[in-house]
Asks: 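Before anything else, here's the structure in question.
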Number of protein chains: 2
Amino acid sequence: MGRKAGSHSEITGPKVREAALRLIARHGFAAVSMRQIAAEVGIQAGALYNYTPDKQSLLFDLMRSHMEELLESRVTSAGGGSALERLEEFTRFHIRFHLPRGQQVFVSYMELRNLEPENFQEVERLRRLYEDELEGILRQGVEEGAFAVADTKITTLALIAMLTGISNWYREGGRLSVGRIEELYWAMVRNMVAVLPIEGAELPTSVLAARAS
Amino acid sequence: MGRKAGSHSEITGPKVREAALRLIARHGFAAVSMRQIAAEVGIQAGALYNYTPDKQSLLFDLMRSHMEELLESRVTSAGGGSALERLEEFTRFHIRFHLPRGQQVFVSYMELRNLEPENFQEVERLRRLYEDELEGILRQGVEEGAFAVADTKITTLALIAMLTGISNWYREGGRLSVGRIEELYWAMVRNMVAVLPIEGAELPTSVLAARAS
DNA sequence: GTCTATATGAGGATAGAC
DNA sequence: GTCTATCCTCATATAGAC
């Protein structure tokens, strides 16, 4: 291809992204300099600008591609079935997808503040698409009378926070396997939405009717 | 008192802390400069060093005092009773304490990376004291046969993540009052640890014995 | 206690040679 | 595509006048 000596764009590009992700996850976006990223890759700072127009774009690319990968994986995994089945599948998917991506999860969560408004809006839009599927499952469960969920929006946020929180302590090779973590969290999720006589819970009329009969 | 003109230490000190908290919560520790903090207070950057030896100490003070206030409030609130009663009290306390302190929660969570090792250890120690109380409640509940919790450590982390996550979306004057949020989350917490016939859950022998009788 | 001024260094980003 | 060199701005922190 007539590539010049010292030309490695196909290798260097991914290395820049990996180095940036690793350093930003560890020290935070604002605390990481372009010189640090370049040093981690093994090039000079100026050469980074062959791969990103600026530092902000580097962050945005990391976060957007993480969300897009999540949504793409989701499309191929999501299926039909009862609300309970769909909720179990969603729970297990969320854990299996996120646990091997601790750095991406961390960055996507912590660096939202450092996105310029336009970029922030886009990442938020993608995140909402993901959460909306979960809320849809909860709504279905309420309709079916399978779930006692007083507020599907709040329960969605509670579940996401609980599940994503795993990434804060999970370490590969730790006490619990991914499979075991799936079991433990699925049991908790299942309990949380279970139909039970909770005082004050606003049960849907379909459930009240079913109980009366 | 013979105070010189322009001398306002009793006023300026708290203002420095408040300005730092507000700016760090919004932009992140590394992204905020001492000049910005000074400008927010209405003094010059050099004058900040009458109130903190350096930027790191300012962050550490904010995080440590937040944790110490949490633990002090906890001592006066915590009581005895059944595990279910204690869990309800803990849940409501956690929400009532944290919701009016969104900035502190955010900073204490996001800026752990920016603490120097010694300071990090201290903040972690205080955080663990708080979590240990929750785990103790869960252990008591398992002993009493009131809770079906397969792994008290994991359930502790799941509950903390779920409850602290409220601070990510709560806004004063929003759709839900603090009281309503307490109700919704207590219902979820209660369900989550409830004794139910969950396949695969490792029930304590006390519960299995109770069921057999 | 606060100011102005400054020491000292690092930051993002660009230009031009190879 | 990468390098070296550099522009320009901003950072933390300190010194000394008032």
Side-chain angles (χ1 to χ4, degrees), chain A residues 1-24 26-63 107 111 113-119, chain B residues 1-24 26-62 107 111 113-116 118-119:
Chain A
M1 296 288 287
R3 182 178 292 148
K4 289 177 188 169
S7 174
H8 303 287
S9 79
E10 288 150 24
I11 300 171
T12 308
K15 279 174 76 177
V16 168
R17 293 168 53 85
E18 287 157 20
L21 177 64
R22 186 166 45 245
L23 288 170
I24 293 171
R26 190 181 205 90
H27 305 291
F29 176 70
V32 171
S33 69
M34 296 298 266
R35 284 175 172 83
Q36 270 179 282
I37 296 170
E40 183 95 351
V41 174
I43 60 177
Q44 293 300 313
L48 282 179
Y49 292 85
N50 289 313
Y51 301 97
T52 180
D54 52 32
K55 197 186 176 194
Q56 168 73 200
S57 299
L58 193 49
L59 176 64
F60 178 50
D61 279 354
L62 290 174
M63 295 176 72
V107 169
E111 306 298 349
R113 285 178 304 188
N114 290 304
L115 287 177
E116 288 167 4
E118 199 176 47
N119 295 337
Chain B
M1 296 288 287
R3 184 177 291 149
K4 290 176 189 171
S7 175
H8 303 285
S9 79
E10 287 150 25
I11 299 171
T12 308
K15 280 175 76 177
V16 168
R17 293 168 53 84
E18 287 158 21
L21 178 64
R22 184 166 46 246
L23 288 170
I24 292 171
R26 190 180 204 90
H27 305 291
F29 176 71
V32 171
S33 70
M34 295 297 266
R35 280 178 175 81
Q36 274 178 278
I37 296 170
E40 183 96 352
V41 174
I43 59 177
Q44 293 300 312
L48 282 179
Y49 292 86
N50 289 313
Y51 301 96
T52 179
D54 52 30
K55 197 186 176 193
Q56 167 73 202
S57 299
L58 192 50
L59 176 64
F60 178 50
D61 279 354
L62 290 175
V107 169
E111 305 298 350
R113 285 178 302 189
N114 290 304
L115 287 176
E116 288 168 4
E118 200 176 45
N119 295 339

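The sequence lines fix the lettering, A, B, ..., with proteins before strands; numbering per chain opens at 1.
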Asks: With respect to the phosphate group of D:dC10, does any side-chain polar atom (N or O) of B:Ser33 fall under 4.0 Å of OP1 or OP2?
Replies: no
Asks: Using the test side chain to side chain donor-acceptor pair (under 3.5 Å), find all partners of A:Gln56 that sit at least two apart in sequence or belong to another chain.
Replies: A:Asn119
Asks: Looking at B:Arg113 and A:Glu111, does any basic side-chain N land under 4.0 Å from a carboxylate oxygen?
Replies: yes
Asks: Which nucleotide in the set C:dA13, C:dG11, D:dA11 lies at the smallest distance from any side-chain heavy atom of A:Asp54?
Replies: C:dA13
Asks: Distance check needed: D:dA11 C1' versus B:Leu48 CG, whole Å only.
Replies: 13 Å
Asks: If you find the nucleotide of DNA chain C closest to A:Gly46 and the one closest to A:Ala31, which residue's nucleotide is nearer the 5' end?
Replies: A:Ala31
Asks: When you measure from the side chain of A:Asn50, which nucleotide among C:dT2, D:dA13, D:dT2 comes out closest?
Replies: D:dT2
Asks: Would you say a side-chain N or O of A:Thr12 is under 4.0 Å from OP1 or OP2 of D:dT2?
Replies: yes
Asks: Please pick, from C:dT2, D:dT6, D:dG1, the nucleotide with the shortest atom-to-atom distance to any side-chain atom of A:Tyr51.
Replies: D:dG1
Asks: Side chain of A:Ala47, heavy atoms from C-beta onward: which of C:dG1, C:dG12, D:dT2 has the nearest atom to it?
Replies: D:dT2
Asks: Could you work out, with side chain to side chain contact (heavy atoms under 4.5 Å, CB included) as the rule, every residue matching A:Ala47, not counting sequence neighbours?
Replies: A:Ile43, A:Asn50
Asks: Tell me: CZ of A:Arg35 to C1' of C:dG9, nearest whole Å?
Replies: 11 Å
Asks: At a heavy-atom distance below 4.0 Å, what parts of residues 37-45 of chain B sit against DNA chain C?
Replies: B:Ile43, B:Gln44
Asks: From the set D:dA13, C:dA13, D:dC3, return the single nucleotide nearest to any side-chain atom of B:Tyr49.
Replies: D:dA13
